[in-house]
**Q** 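Sending over a structure as structure tokens; questions will come in a sec.
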2 protein chains.
Amino acid sequence: MNPKFYSLPIEKQTAILNAGFHVFSQNTYKKSPMSEIAEAAGISKALLFHYFHNKKELYLFLWDTCCKITVEEMTRSGAYKQTDLFGSMDYGMQAKLRLMRKYPDIGVFAVRAFYEKDPEVSADIQKSMGQYLEIHAAKKLQNLDPEDFIPGIDLQMMYKEMYWASEGCLWEYIQRGCMNVDAMEKDFRKLLDFWKKVYLRKSREETRDDGKDI
Amino acid sequence: MNPKFYSLPIEKQTAILNAGFHVFSQNTYKKSPMSEIAEAAGISKALLFHYFHNKKELYLFLWDTCCKITVEEMTRSGAYKQTDLFGSMDYGMQAKLRLMRKYPDIGVFAVRAFYEKDPEVSADIQKSMGQYLEIHAAKKLQNLDPEDFIPGIDLQMMYKEMYWASEGCLWEYIQRGCMNVDAMEKDFRKLLDFWKKVYLRKSREETRDDGKDI
DNA sequence: GATGAAGTTGACCGATACGGTTAGCGGAGG
DNA sequence: CCTCCGCTAACCGTATCGGTCAACTTCATC
């Protein structure tokens, strides 16, 4: 990959990145033409080939930057430092939203690349995964105090359920095509509030008096 | 579309359907070649063109059968007749699982087709949507008795959250590529049990004694 | 304003893949 | 033996692909 890419104005750099993310997120690796990427980025195909020797190199570069960017944003958000569960979820969510605002298709690109089966790239993708995978660990659960939550609740299940719900919400926006990040943030925040009210013991105590009949 | 398609042995019919669902779910309409569909169905391209005059006809046929099949399965499941929320969710889930067992890619195909932008087919897709859209209505919420649930809970939010969680769970399987429907059913059932325990008032009453301290 | 380096592109190349057609194979039924 | 019918290999004209290259623009330097 040509280092001159980095001396491009940043808007053009992200334009190229986003064009790549977009095209590769819509189709298989083999069915994603370089010409389409160039057009989406607003440059000529020849220039795209000037920055990246071939399609494979561009693809793997996109994958690498995708991973790097995500990890950076997540660690920088402080989501991993926070000990409070909902707090760290909030920070993590904000980091994700910031990412999607700058790179609308990075999420879909990531999952497609991860499950890409084309032998020309799949091996390299899987090989580079080792470094990034353990970060997402769900060890969050280990240092949770059950006393904070409503009695008898399965904390692992609760966490899984919250993860799925936020993923489901996210996919609803993704599928729609146009990424309205502001509306997404509102929805996520409503989810967080809902969970706090339902799962946390303290907030339950406050409203418990209403329901002591029967 | 050639009516002789229907006189094929049913396994071959579903093989062709699934091949179409699969290929069209992986790529854009334009980037999904008929040859690939034929190969996935285990027949020659020429024969595929014998049953469907051209690509567009096959695509719209797939879309129509997709809608028809789904509506049939959902109404037949009794999910719409049930008045109990979790019961109807259970039935609906079972119907969905039955569908995905028979047509593993029908879900992804449906969303991709719905948001397909290719002018050759998008208009026809959108036109035929009118008939099917109102069925999915969330009027379930109207005849829910708040007394059944824990006090102070936002029922609409609860329903949305449950919907998102099941979608998120489903997408996790879908993205992985291989569709392990049995594992999916287990996960869904665990979700349902979890929700019942957390949201329903009755089940909360039973476990409340454990947590009356402070 | 001449010069040269750097940035950028339209046009091109060989190969392949596409949607769709057709001639013909093989088997069953008369 | 003929004929119908399910089915396919091979084919056709065209479009598209990854990748290259010569030439054009831009712009700083002298």
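Letters A, B, ... are given to chains in the order of the sequence lines, protein chains preceding strands, and every chain is numbered from 1. What you are looking at is a predicted structure, and each value in this text was computed from that prediction instead of being measured.
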**Q** On the ring face of B:Tyr173, is B:Arg176 found with NZ or CZ under 6.0 Å from the centre and within 45° of the axis?
**A**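 Pair B:Arg176/B:Tyr173 counts as cation-pi.
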
**Q** Does C:dC18 have OP1 or OP2 under 4.0 Å away from a side-chain N or O of B:Ser35?
**A**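 Answer is yes, contact under 4.0 Å.
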
**Q** Would you mind reading off the distance between A:Asp118 atom CG and D:dC17 atom C1', rounded to a whole angstrom?
**A**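 Taking atom C1' of D:dC17 as the reference, CG of A:Asp118 is at 14 Å.
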
**Q** Rounded to whole Å, how long is the line connecting atom NE2 of B:His50 with atom P of C:dG24?
**A**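 Going from NE2 in B:His50 over to P in C:dG24 covers 18 Å.
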
**Q** For B:Glu57 and C:dG19, what is the distance between atoms CD and C1' respectively, to the nearest whole Å?
**A**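 My rounded result for the distance is 14 Å.
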
**Q** Please determine, for the side chain of A:Lys31, which listed nucleotide (C:dC18, D:dT20, C:dG19) has the closest atom?
**A**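 Ranking C:dC18, D:dT20, C:dG19 by closest atom to the A:Lys31 side chain puts C:dC18 first.
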
**Q** Could you walk me through whether A:Arg189 and A:Glu185 pass the salt bridge (Lys or Arg N to Asp or Glu O under 4.0 Å) test, one step at a time?
**A** CA-CA 6 Å; A:Arg189 192 129 277 139; A:Glu185 181 164 8; 3.2 Å; yes

**Q** Nearest-nucleotide wise, let me know which of B:Ala46 and A:Ala46 is further upstream toward the 5' end of DNA chain D.
**A**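 By nearest-heavy-atom nucleotide position, the 5'-most residue is B:Ala46.
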
**Q** 5'-most contact on DNA chain C: A:Gly42 or A:Lys30, nearest heavy atom basis?
**A**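 Counting from the 5' end, the first nearest nucleotide belongs to A:Gly42.
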
**Q** Considering only side-chain heavy atoms of A:Ser44, which listed nucleotide, C:dG20, C:dT8, C:dC18, is closest?
**A**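 Ranking C:dG20, C:dT8, C:dC18 by closest atom to the A:Ser44 side chain puts C:dT8 first.
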
**Q** Between D:dG18, C:dT9, D:dC7, which nucleotide gets closest to the side-chain atoms of B:Leu47?
**A**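 Comparing D:dG18, C:dT9, D:dC7 against the side chain of B:Leu47, the answer is D:dC7.
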
**Q** What is the distance from OH of A:Tyr59 to C1' of D:dG18, rounded to the nearest Å?
**A**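 To the nearest whole Å, that distance equals 17 Å.
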
**Q** NA contact type, A:Ser32, heavy-atom cut-off 4.0 Å: base, sugar-phosphate, or nothing?
**A**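 Sugar-phosphate: the residue A:Ser32, judged by heavy atoms under 4.0 Å, touches backbone atoms but no base.
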
**Q** Taking CD from A:Glu39 and C1' from D:dC17, how many angstroms apart are they, rounded to a whole number?
**A**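 After rounding, the reported distance stands at 15 Å.
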
**Q** Can you tell me how far P of D:dG19 sits from CD of A:Glu36, to the nearest Å?
**A**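 Atom CD in A:Glu36 sits about 16 Å away from atom P in D:dG19.
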
**Q** Whole-Å distance between D:dC17 P and A:Phe49 CZ?
**A**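 Between P of D:dC17 and CZ of A:Phe49: 11 Å.
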
**Q** Under 4.0 Å between a side-chain nitrogen and a carboxylate oxygen: does that hold for B:Glu172 and A:Lys160?
**A**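 No, no charged N to carboxylate O under 4.0 Å.
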
**Q** Taking atom types as they are modelled, would you say the side chain of B:Lys45 forms a donor-acceptor pair with the base of C:dG19 within the 3.5 Å cutoff?
**A**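 By the distance-only test, yes, there is a pair.
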
**Q** Counting side-chain heavy atoms from CB outward, which of D:dC7, D:dG18, C:dT9 is closest to A:Ile43?
**A**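 Closest nucleotide to the A:Ile43 side chain: C:dT9.
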
**Q** Less than 6.0 angstrom separating the ring centers of B:Phe52 and B:Phe5, yes or no?
**A**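 For B:Phe52 and B:Phe5, the ring centres are under 6.0 Å apart.
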
**Q** In whole angstrom, give the distance that lies between atom CG of A:Leu48 and atom P of D:dT20.
**A**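 In whole Å, D:dT20 P lies 13 Å from A:Leu48 CG.
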
**Q** Just wondering, are more than 12 heavy atoms of other shown residues or ligands nearer than 6.0 Å to CD in B:Glu73?
**A**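 Yes.
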
**Q** Which part of the nucleic acid does A:Tyr51 contact within heavy-atom distance under 4.0 Å: base, sugar-phosphate only, or nothing?
**A**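 Here A:Tyr51 touches the backbone only, sparing every base.
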
**Q** Can you find a side chain N or O atom of A:Lys4 that sits less than 4.0 Å from OP1 or OP2 on C:dG7?
**A**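 Checking C:dG7 against A:Lys4, a side-chain N or O does come within under 4.0 Å of OP1 or OP2.
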
**Q** Considering heavy-atom distances to DNA chain C, does B:Asn54 or A:Lys12 have its closest nucleotide positioned more toward the 5' end?
**A**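 Nearest-nucleotide comparison on DNA chain C picks A:Lys12.
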
